[in-house]
Undergrad: 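Sharing a structure, written as structure tokens. Questions coming.
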Amino acid sequence: MASDHSDAVSISPSQEHVECKELDLDIEFGGTEARNKLERKFLWKLDLHMSMLVLISILNLIDRNNISAARLRGLVTDLHLEGQQFATMLSIVYAGYIITQIPSNMFLNYIGKPSLYLPACMVIWGVITVLTGIITNFVGALLTRFFLGFVQAAFFPGAVFLISKWYKRGEIGSRVAILYCGNLISNAFGALIASGILANMDGVRGEAAWRWLFYIEGSLTIAVAFFAVFVLPDFPMTTKWLTDNERRLALKRMEEDAGVGDQTETEKGGFGYGLFLAITDWKVWWFAILSVAQVIAMSFIVYFPTLTTTLGYNPTVSLLLVAPPWVYAVIFTYVWSRHSDKARERFFHMNIPNLISIIGCLISISTTNTAARYLSLFLVTQSCSAHVLMITWNSNTFARPPSKRAVCLSLINAFQQLGNILGSYVWPSNWGPTYQYSFAIVLAGNVIAITMTWILRQHLKTLNEKLEEKEQEQGIKEKGFRYVL
């Protein structure tokens, strides 16, 4: 591999030589047709293993947001909560996220064993979820929620980083969309599972139904974690179930995507090298602030059962009404993200869903009609598609080296938890049942996100023009790295 790389450097950048280089690369795998066949088989195999991340994502959000369903069936009364204490219970989990995410991704990049690290975190947060079922007061609730966030913080940025170690930039969007669809599915089916437990488990063995909700869902997470150890991949250099050809293909794909290898050729410093590169790049902080606005625009997610309750139905029906908007959001997000990947475009694909969400907010603000307000819930969920594409855009923008990418993904994800903390207080009960002020804040978050992404797009466009000018000055005919706009 090293000799191939040095040979490539010595070849002059004419079209003939570029074609010869590509031919040589194909010969390494038995020719173009053989490589294409191997790549299709490899991606199918990899996608199958990566699908475990979707199941983990579903359980991650169910364990985080089941407290909203428990709120409808006695949790507030049994814990003697008052005022903003429930909102504080929601927000404290994100304090744990902020503390853990950056060191977690740095550690994951260092050890190179996500198949052990992520399931270990699952077991711990599953145990914490089970323990949430035995709490008796506000202080106990705060402690369990804080440590739940502290441990869960490892998953999402770690999963996105793992995806970025295997897939090309034109493939990441649809994979992150599938991963994030796990979150959306959990909103839909988590509510369905909760409705079944809360309706049928009250008084079993002398326990309230909301306590059984935590016992059952936490135990499920622990069981899945042990299975995940054998399914999740590690990094291309450390995954044992790859053949030699598949391993060389995985490494070559990443080299071709960025014009340089993913690890040896781009890592120049020690353990803190990626952290230094990340915190000195202003684009990282721009993405971080953008993510806060986008997350505030999605603050309705954890209060979704409360919003369906305002339609006037009983608690069981209200939980069942949660599912349809999220089923629609899953379908839209997946299809829209795949189209974004094919078009290799992010700005318009990200902000059309934000505009749809703005329309939903305006409907909720302007009417109390039940049908119209339920329709608005379908519309506001589309901002989740924007969030998926923002994450993908982030990974596309900070491609190399992997140590920097690991920190960027975790830093931005940690920073956006400020949006979750603020969003926890956007939906106070005294603003209900219309929640007009709440929807106005969500609308403002969408507007800020659209504005910031437009400025970012213009800057990246300028950088692309400079890259092209530099290649022309150096006589390079083969198009190199470009930022995705």
Side-chain angles (χ1 to χ4, degrees), residues 1-11 17-54 108-109 111-116 118 158-179 230-267 338 341-342 344 392 395-396 398-403 405-406 409 478-482 484:
M1 296 292 288
S3 61
D4 287 343
H5 181 73
S6 60
D7 290 342
V9 173
S10 64
I11 295 174
H17 287 154
V18 170
E19 290 174 356
C20 289
K21 176 185 173 183
E22 292 176 353
L23 182 60
D24 289 340
L25 290 175
D26 290 340
I27 287 175
E28 180 183 359
F29 302 102
T32 303
E33 184 176 348
R35 171 182 167 154
N36 291 340
K37 183 178 179 180
L38 175 64
E39 192 161 5
R40 286 193 298 269
K41 181 181 177 182
F42 165 73
L43 286 175
W44 174 256
K45 182 178 180 180
L46 181 60
D47 286 342
L48 191 62
H49 281 267
M50 286 289 192
S51 63
M52 175 54 68
L53 292 175
V54 179
L108 178 59
N109 182 58
I111 64 172
K113 286 288 184 180
S115 66
L116 296 178
L118 296 180
V160 175
F161 179 58
L162 176 60
I163 289 171
S164 73
K165 291 287 286 187
W166 289 91
Y167 294 100
K168 294 182 178 182
R169 286 177 295 158
E171 300 166 343
I172 288 177
S174 58
R175 269 69 180 191
V176 172
I178 293 172
L179 173 65
F230 303 100
V231 179
L232 285 176
D234 290 317
F235 296 155
M237 287 295 294
T238 55
T239 297
K240 295 180 179 179
W241 42 258
L242 291 177
T243 66
D244 289 339
N245 273 349
E246 287 172 341
R247 192 182 315 280
R248 285 188 290 112
L249 177 61
L251 295 170
K252 184 60 66 177
R253 276 165 41 85
M254 302 309 294
E255 181 178 343
E256 291 170 346
D257 189 45
V260 64
D262 192 51
Q263 190 75 33
T264 307
E265 296 89 338
T266 57
E267 295 289 16
R338 279 185 63 87
D341 269 356
K342 289 182 179 180
R344 293 184 66 85
T392 305
S395 183
N396 294 156
F398 308 109
R400 299 292 183 275
S403 61
R405 187 170 72 245
L409 292 171
E478 184 181 11
K479 188 175 181 179
F481 173 83
R482 294 291 188 276
V484 181

Undergrad: Is it true that a side-chain atom of His49 and a backbone atom of Leu232 form a donor plus acceptor pair closer than 3.5 Å?
TA: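 Not at all, since once roles are kept as given, no pair shorter than 3.5 Å links the two residues.
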
Undergrad: Specify the closest pair of heavy atoms between Pro236 and Leu242, including all atoms of both residues, with the distance to one decimal.
TA: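 Minimum heavy-atom separation between Pro236 and Leu242: O-CD1, 3.8 Å.
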
Undergrad: Does atom NZ of Lys168 have more than 12 heavy-atom neighbours from other groups under 6.0 Å away?
TA: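 It does: Lys168 NZ has more than 12 such atoms within range.
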
Undergrad: Taking NZ, NE, NH1 and NH2 as the nitrogens, is one of them in Glu171 or Arg175 under 4.0 Å from a carboxylate oxygen of the other?
TA: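 Salt bridge flag = no for Arg175 with Glu171.
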
Undergrad: Would Met50 and Leu162 count as a side chain to side chain contact (heavy atoms under 4.5 Å, CB included) here? Give the steps.
TA: CA-CA 9 Å; Met50 286 289 192; Leu162 176 60; 3.8 Å; yes

Undergrad: Looking only at heavy atoms, which two atoms of Val54 and Ile178 are closest? And how far apart?
TA: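 Taking Val54 first and Ile178 second, the nearest heavy atoms are CG2-CG2, 3.5 Å.
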
Undergrad: Donor-acceptor check, side chain of Arg253 to backbone of Tyr167, threshold 3.5 angstrom: yes or no?
TA: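 No, because the side chain of Arg253 does not come within donor-acceptor range (under 3.5 Å) of the backbone of Tyr167.
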
Undergrad: Do Leu53 and Ile163 pass the side chain to side chain contact (heavy atoms under 4.5 Å, CB included) test, and can you show the C-alpha distance, the side-chain angles, and the key distance before you say yes or no?
TA: CA-CA 10 Å; Leu53 292 175; Ile163 289 171; 4.2 Å; yes

Undergrad: Give a yes or no on whether the backbone of Thr239 and the side-chain of Arg247 come within a donor-acceptor separation of less than 3.5 Å.
TA: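 Yes.
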
Undergrad: Which heavy atom of Trp166 sits nearest to which heavy atom of Pro233, and what is that distance?
TA: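 Looks like CZ2-CB, 4.1 Å.
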
Undergrad: About how many Å separate CG of Leu48 and CG of Leu43, when rounded to the nearest 0.5 Å?
TA: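 Here the interatomic distance stands at 12.5 Å.
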
Undergrad: Decide, yes or no, whether a salt bridge links Lys240 with Asp234 under the criterion of side-chain N to carboxylate O below 4.0 Å.
TA: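 So Lys240 does not pair with Asp234 through a salt bridge.
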
Undergrad: Do Lys252 and Arg35 have side-chain heavy atoms sitting under 4.5 Å apart?
TA: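 Sidechains of Arg35 and Lys252: in contact.
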
Undergrad: Do you know the tightest heavy-atom contact between Phe235 and Leu108?
TA: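 Phe235 and Leu108 have their closest heavy atoms at CE1-O, 3.7 Å.
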
Undergrad: Provide the closest heavy-atom pair for Lys113 versus Thr238 in the form atom of the first, atom of the second, distance.
TA: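 That would be NZ-O, 4.1 Å.
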
Undergrad: What do the steps show when you test Trp44 against Arg40 for side chain to side chain contact (heavy atoms under 4.5 Å, CB included), and what is the final call?
TA: CA-CA 6 Å; Trp44 174 256; Arg40 286 193 298 269; over 6 Å; no

